[in-house]
Every structure is written in C-alpha cells, then in structure tokens.
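Everything quoted here is computed from the prediction, not taken from an experiment. Note that ligands are numbered from 1 as they come in the structure, with each ligand's atoms numbered from 1 the same way. No hydrogens, no waters, no symmetry mates; every other heavy atom, side chains included, goes into these values. For this chain, numbers begin at 1 and follow the sequence in order.
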Amino acid sequence: MEKILMVCLGNICRSPMAEGIVQDAFRRHNIAVEVHSAGTAGYHIGESADPRAQAELRKHQIDISNERAQQFIPEFFQTYDFIFTMDRNNFSDVYYLAETEEERAKVDMLMNVVYPGENIPIPDPYYGGSSGFSQVYSMISEAAEALVQNYKSKKK
Ligand code: 4NP
C-alpha cells in the first residue's frame with residue numbers, strides 16, 4: 001500500500017488536518033492508501049491536534065481526536081512514498097534532510113498537486129482566528145480531491 005506523509009511545523013494544526021482530510025477522501029473513493037503526518041519541529045510531540053483544528057474537521061464529520069504529534073525524522077524517507085509539505089519552510093526543512101535524488105523526488109508542497117510548480121503555501125493558522133482553520137480546510141480539500149483523481153488516472 002502506498003504511504004503518504006503530510007508535514008507542517010508543529011504537527012498540531014495543518015498536517016493533522018491534511019492527514020484526516022486526505023485519508024477521508026481516499027476512503028470515500030475506496031482507495032487503500034495510508035496517510036500520516038509529522039512536524040519539522042518537536043515543540044508539540046505527543047500532543048493532540050489543536051482544538052480549533054479538531055473543531056473545524058468535526059464540522060465535516062472527520063474525527064482526528066486520536067492523532068498525536070510526532071517530529072519528522074530522516075527515516076521517514078524510507079517509510080513514505082510521497083511527502084507533502086504545507087509551506088515553503090516545511091519544504092526546505094525536509095528537502096535538506098534528503099540524502100539522495102530518490103529521497104528529494106518524494107518531497108513537494110501539497111498545493112502543487114492542484115497548481116503544479118506554483119508553490120502556494122497553506123498559511124499557518126496557529127496565531128490567528130478560526131477563519132484560518134476554515135481556509136486550511138478548503139485548501140486541503142481541494143488538494144485531497146486532486147490527489148484522488150491523480151491516483152485514479154495513474155491506476156488505469
Ligand atoms: P502547524 O501550526 O505547523 O500547522 O501545526 C503551528 C503549531 C504550533 C506552532 C507553530 C505552528 N508553534 O510555534 O508552537
């Protein structure tokens with residue numbers, strides 16, 4: 001089974017949302033893909049997703065209450081087939097840990113699935129209000145549908 005890793009800074013806002021939303025999209029389309037998430041920083045290791053992230057996803061019937069934050073480690077280049085980062089900082093932090101061309105080829109910014117090469121960041125909602133979390137939800141949902149469609153066309 002293919003494995004996808006979503007990466008942000010703290011692994012309590014954007015990437016656990018991406019894990020939940022993308023997992024849900026693949027499930028709805030009956031596609032078996034494993035999705036996990038991690039943060040480039042270790043500040044929140046072991047913590048649940050931010051209550052605002054959980055609340056936003058509950059509105060869309062997605063439960064991420066079991067997710068716990070973990071930090072990205074270079075071994076994940078072996079574990080995962082694709083590594084999607086939320087913003088440019090996450091991208092460079094992960095990219096510079098890659099040691100081979102094969103590892104570097106696994107890393108991209110998530111919104112490039114929808115808008116190839118545009119490097120559109122998913123803004124960090126941590127210090128803002130709840131509208132930031134709705135924006136994160138709608139951007140990631142768009143990416144989730146595109147991922148599912150890409151996956152379906154690949155399989156044909
Ligand atoms: P995330 O948001 O990267 O989307 O999980 C953040 C969460 C925590 C912090 C920064 C961003 N922080 O500085 O603690």
Side-chain angles (χ1 to χ4, degrees), residues 2-28 33-98 103-148 150:
E2 252 173 28
K3 293 186 175 192
I4 297 176
L5 185 70
M6 301 297 179
V7 177
C8 64
L9 177 61
N11 193 210
I12 55 167
C13 298
R14 292 164 293 175
S15 64
M17 290 176 75
E19 177 180 340
I21 295 164
V22 171
Q23 212 163 50
D24 178 69
F26 279 118
R27 262 193 215 125
R28 283 188 284 102
V33 170
E34 225 175 276
V35 189
H36 293 286
S37 64
T40 55
Y43 325 125
H44 297 282
I45 293 174
E47 290 178 23
S48 304
D50 188 287
R52 296 165 295 173
Q54 295 196 42
E56 177 61 36
L57 290 204
R58 267 199 307 275
K59 289 192 218 161
H60 306 280
Q61 291 76 48
I62 300 172
D63 178 9
I64 56 168
S65 60
N66 288 327
E67 292 188 25
R68 295 294 179 271
Q70 62 173 345
Q71 188 169 15
F72 183 87
I73 51 170
E75 283 73 14
F76 288 166
F77 286 115
Q78 305 308 313
T79 315
Y80 293 96
D81 301 291
F82 297 102
I83 299 170
F84 291 114
T85 71
M86 301 300 119
D87 65 29
R88 293 184 178 87
N89 288 331
N90 314 145
F91 178 84
S92 23
D93 288 345
V94 170
Y95 195 79
Y96 289 112
L97 289 172
E103 290 179 357
R104 279 187 278 275
K106 292 183 176 187
V107 192
D108 201 358
M109 286 176 60
L110 181 60
M111 292 312 291
N112 281 344
V113 173
V114 190
Y115 305 103
E118 293 191 23
N119 299 331
I120 297 169
I122 297 175
D124 185 348
Y126 187 64
Y127 295 105
S130 64
S131 69
F133 288 82
S134 309
Q135 188 194 3
V136 170
Y137 175 81
S138 65
M139 292 182 83
I140 293 173
S141 300
E142 195 184 356
E145 288 311 313
L147 270 175
V148 165
N150 287 355

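Each of Leu110, Val107, Thr40, Asn112 was scored for a side-chain contact (heavy atoms from CB on, under 4.5 Å) with Phe91, with one residue passing: Val107.
Across Ala41 and Gln71, no two heavy atoms sit closer than the pair C-NE2, 3.6 Å. Here the shortest heavy-atom pairing between Ser37 and Ser15 reads CB-O, 3.4 Å. In terms of heavy atoms, Phe26 sits closest to Ile4 at CE1-CD1, 3.9 Å.
In this structure, the ring-ring contact (aromatic ring centres under 6.0 Å, His included) partners of Phe76, at least two apart in sequence or on a different chain, are Phe72, Tyr80.
Residues with a heavy atom under 4.0 Å from ligand 1: Cys8, Leu9, Gly10, Asn11, Ile12, Cys13, Arg14, Tyr43, His44, Asp124, Tyr126, Tyr127.
Using modelled atom types and a 3.5 Å distance limit, the side chains of Asn90 and Asp87 yield a donor-acceptor pair.
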